[in-house]
There are 2 protein chains.
Amino acid sequence: MTEDRTKTGATGAEPERKGERTRRRIMEAARRKFAEVGYERATIRVIAAEAHVDKASVIQYFGTKQELFREAVSWHVPIEELTTPDPARTVDNYLRAMLSSWAADPDSPMAVLLRTSMTSEEAAELLRRHVTKETVERVAANVDAPDARLRAALSGAMMFGIATQRYLLRMPDLAEADLDDVLRLAAPLFRALIAPGSEPGSEPRTEPGAEPGSEPGTEPRSDPGTGS
Amino acid sequence: MTEDRTKTGATGAEPERKGERTRRRIMEAARRKFAEVGYERATIRVIAAEAHVDKASVIQYFGTKQELFREAVSWHVPIEELTTPDPARTVDNYLRAMLSSWAADPDSPMAVLLRTSMTSEEAAELLRRHVTKETVERVAANVDAPDARLRAALSGAMMFGIATQRYLLRMPDLAEADLDDVLRLAAPLFRALIAPGSEPGSEPRTEPGAEPGSEPGTEPRSDPGTGS
DNA sequence: CGTAGAACTAAACAGGCGTTGATTTTTCTC
DNA sequence: GAGAAAAATCAACGCCTGTTTAGTTCTACG
């Protein structure tokens with residue numbers, strides 16, 4: 001099925017049937033609404049209105065609401081450089097990818113997934129599988145400590161909590177804070193969890209790093225690093 | 001079991017009319033269902049069936065579904081000893097109250113509030129107010145560091161994440177782990193966040209006061225004026 | 001042009017929702 | 001026992017849900 005039905009002819013290679021545009025518009029509206037009000041309240045009628053389309057079109061393009069939802073939360077991880085040989089760097093990548101990229105796009109599939117996972121068992125299952133495969137296992141593989149998987153899962157849960165309360169629930173003190181402040185306070189904790197040894201005095205049974213003085217979270221703002 | 005057929009002829013208070021029992025049964029069923037499937041899916045019919053009552057009775061006792069929900073999530077904090085003069089102890093109380101008491105009662109109003117807060121703006125607002133007043137401010141009052149409120153909010157968000165993923169989302173690695181292991185790994189992090197300066201594992205701190213190189217400029221033991 | 005097929009839409013469906021008012025059953029007092 | 005009050009139920013309402021069907025408009029190419 002080659003679809004080079006170009007009326008323009010000369011340049012070719014620009015099919016983009018009109019339906020594709022509509023389909024994308026519906027998908028975007030769906031993600032927006034799913035992330036905003038959750039699965040149940042994001043009715044087909046509401047999504048259709050948001051996309052300036054008839055409700056029947058939504059069904060025509062996606063068959064059913066569940067399929068629309070499934071595609072709305074399907075998502076391949078954009079963080080290729082999540083894990084590095086150096087666990088300490090992994091922490092920074094992880095934190096920054098999760099917290100910063102989210103701020104840039106609050107209607108991302110990830111946001112949809114997190115919000116709906118609390119009330120939809122299907123979304124919860126997707127989240128479980130996705131997080132376990134894409135982050136827990138990858139992070140755990142680079143953690144040089146016992147309970148590697150638990151440490152990875154724990155760090156993921158903590159990031160989930162911070163991101164959720166900051167961007168979805170909009171808890172006052174957390175939502176109004178500067179992202180840099182949040183990262184400055186949080187990063188050392190995650191480092192202590194999944195890169196033990198690089199941080200002093202936070203892990204009971206670790207090799208003595210013997211670096212006195214610096215307390216996690218109270219260090220002066222070093223490494224601004226926020227590439228805008 | 002307790003058939004309490006006391007009829008008060010002369011003086012005295014009402015003896016737990018039969019309606020009270022029914023009302024309580026409805027409330028319990030409502031909490032169970034709200035926590036289990038969220039606000040929308042916990043229909044009045046489902047709640048009524050769970051309580052072995054006609055759907056009309058639910059309305060008769062609570063007037064409306066929103067009022068039923070509001071009462072289901074209303075809740076006064078049982079943790080009186082949350083905050084102590086010693087921040088390090090506060091961490092333990094906080095963690096254990098949030099994580100352990102939850103395991104004991106997954107259908108608590110708190111669980112209902114957390115689960116529904118992701119899809120109900122009303123629940124989200126209740127959660128914001130409640131958490132800010134009852135935990136963030138109380139914890140922050142005992143944090144001896146700059147960004148006290150942010151630190152408190154951050155720790156709350158992290159606990160929210162852990163509890164949610166362990167008990168509500170049931171993330172494999174986190175749900176299957178021993179609670180003691182979770183606490184052992186997590187506690188130092190929270191201690192570093194809201195009780196900076198206390199060294200974990202080295203010595204059971206005897207008295208707060210003489211710490212080398214503590215925060216300059218900030219008075220220790222800030223005013224407890226936010227109490228009551 | 002004409003016509004085929006893609007894109008869109010209006011109208012209706014069966015079923016579930018929260019809620020209501022009237023009615024029946026239970027419980028208590030005399 | 002009779003009668004009143006409380007509690008529980010029945011049957012229905014109006015509305016909204018996801019989905020279907022049949023029909024209309026638009027678009028591309030002979």
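Residue numbering restarts at 1 for every chain, and letters A, B, ... go by the order of the sequence lines.
Considering every non-hydrogen atom in both B:L189 and A:M158, the closest pair reads CD1-CE, 3.8 Å.
Partners of A:R45 under the salt bridge (Lys or Arg N to Asp or Glu O under 4.0 Å) rule, at least two apart in sequence or in another chain, do not exist in this structure. Every residue meeting the side chain to side chain donor-acceptor pair (under 3.5 Å) condition with A:E40, not counting sequence neighbours, appears here in chain and number order: B:R41. With sequence neighbours excluded, no residue forms a salt bridge (Lys or Arg N to Asp or Glu O under 4.0 Å) with B:E28. Residues satisfying the ring-ring contact (aromatic ring centres under 6.0 Å, His included) criterion with B:Y39, sequence neighbours excluded, are B:F34, B:F69. In terms of the salt bridge (Lys or Arg N to Asp or Glu O under 4.0 Å) criterion, residue partners of B:E50 (sequence neighbours excluded) are, by chain and number, B:R32, B:K33. For B:E71, the salt bridge (Lys or Arg N to Asp or Glu O under 4.0 Å) partners two or more places apart in sequence, or in a different chain, are B:R23.
Going from atom CZ of A:R24 over to atom C1' of C:dA7 covers 16 Å, rounded to whole Å. A:R23 places its CZ atom 12 Å from the P atom of C:dC8, with the value rounded to the nearest Å.
Of the residues in residues 54-69 of chain B, those with a non-hydrogen atom less than 4.0 angstrom from any atom of DNA chain D are B:D54, B:A56, B:S57, B:Q60, B:Y61. Residues from residues 29-50 of chain A with heavy atoms under 4.0 angstrom of DNA chain D, sorted by number: A:T43, A:I44, A:R45.
Legend: salt bridge (Lys or Arg N to Asp or Glu O under 4.0 Å) pairs involving residues 161-177 of chain B, not counting sequence neighbours, sorted by first then second residue: A:R149-B:D173.
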